[in-house]
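Reviewing the structure listed below.
Below, all heavy atoms of this structure are taken into account, side chains as well, without hydrogens, waters or symmetry copies.
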Amino acid sequence: MIPVATDVIKLLADPLRAQIVQLLAGEALCTCHLVEETGAKQTNISNHLRLLREAGVVEAEPYGRFTYYRLRPEPLQSTADHLAALAERARSHSESRRPC
């Protein structure tokens with residue numbers, strides 16, 4: 001399921017979640033890597049990963065004793081497409097004005 005663009009925007013509005021997504025864009029990481037990279041507490045990282053996973057932005061991949069998290073590009077692309085369409089609509093209607 002691809003989340004609605006506004007859901008993804010709300011998720012990424014949190015600075016730590018945005019940082020997690022940024023890190024996961026480069027490679028799959030486990031919680032310990034994200035704790036090390038962000039300096040956040042493990043429980044905080046886990047809670048943010050849960051929200052991202054529930055929204056379909058991140059997927060979990062068990063690997064032995066660890067769970068790696070991987071960013072799913074589809075929700076981000078869908079959100080980018082939605083924002084690009086809004087920008088184009090605003091551009092093409094820049095001279096439009098509703099009469100009073």
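- Note: the hydrophobic cluster containing Leu34 does not contain Phe66 (ILVMFWY, side chain heavy atoms under 4.5 Å, direct or indirect links).
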Solution key, residues 18-30 side-chain donor-acceptor pairs under 3.5 Å, sequence neighbours excluded:
none

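- Ala60 pairs by the side chain to side chain contact (heavy atoms under 4.5 Å, CB included) definition with Arg53, Thr67, Tyr69, not counting sequence neighbours.
- Side-chain atoms of Leu12 and Thr79, non-hydrogen and from C-beta on, never get closer than 4.5 Å to each other.
- In terms of the salt bridge (Lys or Arg N to Asp or Glu O under 4.0 Å) criterion, Glu37 has no residue partners (sequence neighbours excluded).
- Classification of the Tyr63-Tyr68 ring pair by plane angle, with boundaries at 30° and 60°, yields perpendicular.
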Please report, to 0.1 Å, the donor-acceptor pairs under 3.5 Å made by any side chain of residues 91-100, with sequence neighbours excluded.
unit_1	atom_1	unit_2	atom_2	d
Arg91	NH1	Glu88	OE1	2.8
Ser92	OG	Glu88	O	3.2
Ser92	OG	Arg89	O	3.2
His93	ND1	Arg89	O	2.9
Ser94	OG	Arg91	O	3.4

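- Sorted by first and then second residue, the side-chain hydrogen bond (donor to acceptor under 3.5 Å, both in side chains) pairs with a member in residues 38-49 read Arg17-His48, Gln42-Ser46, Asn44-His48; sequence neighbours excluded.
- Once rounded to the nearest 0.5 Å, the distance linking CG of Leu76 with CG of Leu71 reads 5.0 Å.
- A search for side-chain hydrogen bond (donor to acceptor under 3.5 Å, both in side chains) contacts involving Glu61 returns Arg70, not counting sequence neighbours.
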Fill in: Full working for side chain to side chain contact (heavy atoms under 4.5 Å, CB included) between Leu11 and Asp7
CA-CA 6 Å; Leu11 278 172; Asp7 295 339; 5.6 Å; no
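- Heavy atoms only, all atoms of each residue included: Gly56 and Arg72 are closest at O-NH1, 2.5 Å.
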